[in-house]
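Let me give you the structure first, and then I'll get to my questions.
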Number of protein chains: 2
Amino acid sequence: MPTRSEEDHIKAVYTLLQEGDSAFTKDIAERLQNKASSVTVMLKKLAEKGFLKHEPYYGAKLTAKGRGFALQLVRRHRLWETFLVERLGFGWDEVHEVAEQMEHVKSEKLIDKLDAYLGKPHFDPHGDPIPDKKGVIRERKTRRLDSCAAGDHVRIAAVSETTDGLLRLLDSKGLRIGTSLMVQEVHAFDGSMDVKPKSGSAFSLSKDVSHHLQVEKGKP
Amino acid sequence: MPTRSEEDHIKAVYTLLQEGDSAFTKDIAERLQNKASSVTVMLKKLAEKGFLKHEPYYGAKLTAKGRGFALQLVRRHRLWETFLVERLGFGWDEVHEVAEQMEHVKSEKLIDKLDAYLGKPHFDPHGDPIPDKKGVIRERKTRRLDSCAAGDHVRIAAVSETTDGLLRLLDSKGLRIGTSLMVQEVHAFDGSMDVKPKSGSAFSLSKDVSHHLQVEKGKP
DNA sequence: AAAATAGATTAGTCTTGTCTAATAATGAGG
DNA sequence: CCTCATTATTAGACAAGACTAATCTATTTT
């Protein structure tokens, strides 16, 4: 049974591999607010315990065991985030840190019951998929909003960054998971775009913002 | 900000002082599954930090600061137990260990919102009082069932031991918090008593059991 | 009052997880 | 191909928190 620090490292590796295709010591260290040397030591230990393969100087890859473990952590994290937002009334920009603590509570039964209580949700408040008990993630075909062209009709599926600033900005513009948009115009010089929500008037989004919005096709 | 281990020690001292009037090294050690020598070291540290007074060889007493801290832990523990039983459908004999982990999650806002979500309950599923945000406990005048005499009408207010065995026994007899009983007869030779629930037929309770039931007066 | 016993404390060790400093490997540019 | 900047690793120190063994204190028993 991994310690809390071990769990954090496994999850960091998983997340980095999701975002790109590599998990380097430096990036893991940055994410965990640790020094690289500490991470090296930890990776060696986790490799011995069979959670990952550590190729010195070339980063880490998860084993099946490590991946399964990481998926349970992600599941726990996202279920708690869902609980905090949907039941306790937290804003979606406030839940990350708390869920980060709750995900380490060890009780399989607790997660089973929480899952049932929330209605076995497939997505968390940021639109990220929640792995099921077996670690299976239901896939959606989404693209980044900044890859869309004028005239596209789309629905916001997920927000791929969870910094407080971005989430509050979206909130203030009335942009939520599920909000339908039409892309009116894309400005080549700075990548900003004008979008019009189904209900409400049009406004502009900078590339910084549209880059982090995952959307799926809506009806045209 | 105390560490998890420090929190555990503070709470153990608080609980022992509630149950009796002393918190000795040995008893703290037993409760935390630690050795006495480890506890001594910890008590010295907590005394330096101002959470308690440590009188070597005569145990520990909490300071106001330590008591306030312990009350917040108790509050968190009992709110989570209430959540687990009332919302997630856990049995009241299954929640202790999980709540023991959840009580260490640090977020004042979380507890405020949980409290509101549960309807600001004053008692947990075992009938124990939940301190409010300021640490104030609403008192009730209760007595142990084994101090009652034949003919008394009482209502179960709390169960003062939370071992799985006792709680399951009570469950199987239909005894819950709030159940009304009439004491039919007390047997002097072994302290057992016959009781009759308002609805249902009479049965016998051993002294072991009646000793741990806190009751309040019901209507005669 | 002395001895015995239960419990508490101290001293010293070990493990875990972190750090800093020193050393080594990689990959890019000249 | 060599050098340099970046990143990784190793080695050694340190703090927290637990343990064992040895010592000490308080209390009870004789």
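Reminder, nothing fancy here: chain letters follow the sequence lines and each chain counts from 1.
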Item to complete: Look only at the side chain of B:Lys45 and the backbone of B:Glu6, and say whether a donor-acceptor pair between them is shorter than 3.5 Å.
Response: no
Fill in: side-chain N/O A:Ser38 vs C:dG17 OP1/OP2, d < 4.0 Å
no
Item to complete: Under 4.0 Å between any heavy atoms, over every strand shown, what does A:Thr25 touch: base, sugar-phosphate, or nothing? Just pick one.
Response: sugar-phosphate
Practice prompt. First locate atom CZ of A:Arg75, then atom CD1 of A:Ile137, and finally report the distance between them rounded to the nearest 0.5 Å.
Written response: 11.0 Å
Worksheet item: Could you state the CG-P distance from B:Asp27 to C:dA6, rounded to the nearest angstrom?
Response: 15 Å
Discussion item. For a quick test of reading the model: is some side-chain N or O of A:Lys35 closer than 4.0 Å to OP1 or OP2 of C:dC19?
Written reply: no
Worksheet entry | Candidate nucleotides C:dA8, C:dG17, D:dT10, ranked by approach to the side chain of A:Thr40 - the nearest | D:dT10
Response to the item:
To the nearest angstrom, the NZ-P distance between B:Lys45 and C:dT10 comes to 16 Å
Fill in: Atom-pair distance (CG on A:Leu32; C1' on C:dT18), nearest Å
12 Å
Worksheet item: When the distance from NZ of A:Lys26 to C1' of D:dA5 is rounded to whole Å, what number comes out?
Response: 13 Å
Worksheet entry | Modelled atom types, side-chain donor and acceptor of A:Asp124 and A:His77, under 3.5 Å | no
Worksheet item: Under 4.0 Å between a side-chain N or O of B:Ser5 and OP1 or OP2 of D:dA18?
Response: yes
Worksheet item: For B:Lys53, does the NZ atom have more than 12 heavy-atom neighbours from other residues, nucleotides or ligands under 6.0 Å away?
Response: no
Discussion item. Does D:dA8 have its OP1 or OP2 closer than 4.0 Å to a side-chain nitrogen or oxygen of A:His54?
Written reply: no
Item to complete: Output yes when at least one side-chain N/O atom of B:Lys44 is less than 4.0 Å from OP1 or OP2 of C:dT10, else no.
Response: yes
Worksheet item: OP1 or OP2 of C:dG17 sitting under 4.0 Å from any side-chain N/O of A:Thr3?
Response: yes
Worksheet item: Looking at the side chain of B:Tyr57, which of D:dA8, D:dA26, C:dG17 is the nearest nucleotide?
Response: D:dA26
Practice prompt. Please check the phosphate of D:dG17 (OP1 and OP2 only) for any side-chain N or O of B:His9 closer than 4.0 Å.
Written response: no
Worksheet item: Should the heavy atoms of other residues, nucleotides or ligands under 6.0 Å from NZ of A:Lys61 be counted, would the total exceed 12?
Response: yes
Discussion item. Looking only at the side chain of A:Asn34 (C-beta and beyond, no hydrogens), which of the listed nucleotides D:dG17, C:dT18, C:dA8 gets closest?
Written reply: C:dT18
Practice prompt. Considering just the side-chain nitrogens and oxygens of B:Tyr58, establish if one lies under 4.0 Å of OP1 or OP2 belonging to D:dT27.
Written response: yes
